[in-house]
Each structure stands twice: as C-alpha cells, then as structure tokens.
**Q** 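Below you will find the structure I want to go over with you.
All values derive from a computational prediction rather than experimental measurement.
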Amino acid sequence: MIQKRDIAISIVLTIVTCGIYGIFWFISLNDDAKNASGDETLPSGGVAFLLTLVTCGIYGIYWAYKMGKTLQAAQSRAGMAVSSDNSILYLILQLFGFGIINYALMQNQLNTIAGAGPDQQSAGNNSSNGGTNGGASQQPATPAASQAATAQEATVVSNEAPANSDKPEDVVVESVEETVVEEE
C-alpha cells in the first residue's frame, strides 16, 4: 500500500533534520514505487540507498532515471492515463544536485497513484494533494465562468434525471434558471 505524504512537511523535515528524514523519504519512495509498479526486479529502498552511498552518488543518478520509468509503469498499472515520462527531468535534476525536488515530484506522482488505487476510497480524500480537489469547490471568478459552471452543474443534473421522467430537458432548464437567479 502506498502511503500518501504531505510534500511540504517532508521537505521541511528533511531540512530541519539535516537530511536524515531525506534518507527515510528516499527509502520510502523507492519501496512505494516498487510496490505500485509491481516490479520485483528493483532493489529495496535500503539497498538503493546503500548503493548510492557506496558509489558516491552515481547510483543515485541512475536511480532517479529509473524511478521515472517505474512511476510511469505504476501509473499504467493503476489504470491511470500515463502522463509524460519524467525520467529525463529526474536525471537532470539529480545531476545538478536538486534531489529534494526529485523527491517532491516523485511523491506527488505517488500521491496521485495512491488516490487512484482501488483500495483507497474515502481515506485518500483527506490527505493533501497540492491544494486541489478536482475543482469541485472552486468559485468562478467572472459571470461567464459562473454560467459555464452552471451549465456543467445542469449537465450533471440531467445525467442523474430519473428514468421515468417525461422530459429530462425540463430538468436541465429548470436547474440552470434556478442557479443563475441565485448567483445574480
């Protein structure tokens, strides 16, 4: 099971603990990605960390690239639309010493995968996901956006209209008129 982590808190803890939490985060990222992708050929997080230490960081560069491929496979396995391949981005960030940014980006992908997993129903909705919740509670800024949001709400209402309704379009029209009047 992938554990969702708050990215901001993880970054702060990494800085405050002078990198000790970063080691734990590295190991956890590796293990979570391995579990999510189902790839048993990947080393465990502890082994990946030791290889990075022994090779003076060279394995860490390879690890960053491999994590991009692993996370892409995990998205595919979770039934999500596969986003762009971030392997090269992770590689470049790691080469320039921005490993903590890699960790944050990887954790964001893992949090997304954890939210899409079948075993995460209501528990995954309570954790942080970058401040968005699919736009469900965002307020439109302009009247045109308000009417567009109203049209979207009306579409949802029409999709949920009872099957025995004589005129489902009446439900849509009534819903749009009521919502527009309330917002003005």
**Q** Residues in side-chain contact (heavy atoms from CB on, under 4.5 Å) with N102, at least two apart?
**A**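 Checked N102 against side-chain contact (heavy atoms from CB on, under 4.5 Å); matches are A64, Y90, L93, Q94, M106.
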**Q** Is there a path of hydrophobic side-chain contacts, each under 4.5 Å between heavy atoms, that joins I58 and F49?
**A**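 Each belongs to a different hydrophobic cluster.
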**Q** If two hydrophobic side chains count as joined below 4.5 Å and joins carry through other members, does L53 share a cluster with L95?
**A**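 In one cluster: yes.
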**Q** Identify whether I101 and F96 are in the same connected component of the hydrophobic contact network (ILVMFWY, side-chain heavy atoms under 4.5 Å).
**A**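 Same cluster: I101 reaches F96 through Ile, Leu, Val, Met, Phe, Trp or Tyr contacts under 4.5 Å.
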**Q** In this structure, would M67 and V47 fall into the same cluster of hydrophobic residues linked by side-chain contacts under 4.5 Å?
**A**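 Linked within one cluster.
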**Q** Would you say L71 and S37 make side-chain contact, with heavy atoms under 4.5 Å?
**A**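 Answer no - side chains too far apart.
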**Q** Which residues pass the side-chain contact (heavy atoms from CB on, under 4.5 Å) test with S87, not counting sequence neighbours?
**A**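 Result, side-chain contact (heavy atoms from CB on, under 4.5 Å) vs S87: Y65, K69, D85.
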**Q** Please report the interatomic distance NZ(K34) to OG1(T70), rounded to the nearest 0.5 Å.
**A**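 K34 NZ to T70 OG1: 10.5 Å, rounded to 0.5 Å.
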**Q** Measuring only between side-chain heavy atoms, which start at C-beta, is I100 closer than 4.5 Å to W25?
**A**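 I100 vs W25: side chains touch.
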**Q** Side chains of W63 and L42: closer than 4.5 Å at any heavy-atom pair?
**A**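 No - every pair of side-chain heavy atoms lies 4.5 Å or more apart.
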**Q** Which heavy atom of N30 sits nearest to which heavy atom of P43, and what is that distance?
**A**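 Where N30 meets P43 most closely, the heavy atoms are ND2-O, 2.8 Å.
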**Q** Are N86 and L105 packed together at the side-chain level, in the sense that at least one heavy-atom pair is separated by less than 4.5 angstrom?
**A**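 Result no, sub-4.5 Å side-chain heavy-atom pair not found.
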**Q** Taking atom CZ of F98 as the centre, report whether more than 12 heavy atoms of other residues, nucleotides or ligands fall under 6.0 Å from it.
**A**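 No, not enclosed.
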**Q** Work out which heavy atom in I11 is nearest to a heavy atom in A104; give both atom names and the distance.
**A**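 Heavy-atom minimum between the residues: CD1-CB, 4.1 Å.
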**Q** Kindly indicate whether the side chain of N35, heavy atoms from C-beta on, has any atom under 4.5 Å from the side chain of I2.
**A**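 Not touching, per the 4.5 Å side-chain cut-off.
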**Q** What distance do N108 atom CG and I113 atom CD1 have between them, rounded to the nearest 0.5 Å?
**A**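 One gets 10.0 Å once the value is rounded to the nearest 0.5 Å.
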**Q** Hey, could you give me the OG1/CZ distance between T14 and F24, rounded to the nearest 0.5 Å?
**A**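 These two atoms lie 10.5 Å from each other.
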**Q** Is there side-chain contact between F26 and T52, with heavy atoms separated by less than 4.5 Å?
**A**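 Of all side-chain heavy-atom pairs linking T52 with F26, at least one is under 4.5 Å.
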**Q** Hey, are the side chains of K4 and Q107 touching, using non-hydrogen atoms and a 4.5 Å cut-off?
**A**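 Of all side-chain heavy-atom pairs linking Q107 with K4, none is under 4.5 Å.
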**Q** Quick check: is V82 connected to L110 through a chain of hydrophobic side chains (ILVMFWY, heavy atoms under 4.5 Å apart)?
**A**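 Looking at the clustering, V82 is in a separate group from L110.
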**Q** Which atom names give the shortest non-hydrogen contact between G45 and I27, and what distance separates them?
**A**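 Smallest interatomic distance, heavy atoms only, reads O-CG1, 3.6 Å.
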**Q** List in chain and number order the residues that pass side-chain hydrogen bond (donor to acceptor under 3.5 Å, both in side chains) with S28, two or more places apart in sequence or in another chain; answer none if no residue qualifies.
**A**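 In terms of side-chain hydrogen bond (donor to acceptor under 3.5 Å, both in side chains), with neighbours along the sequence ignored, S28 is linked to R5.
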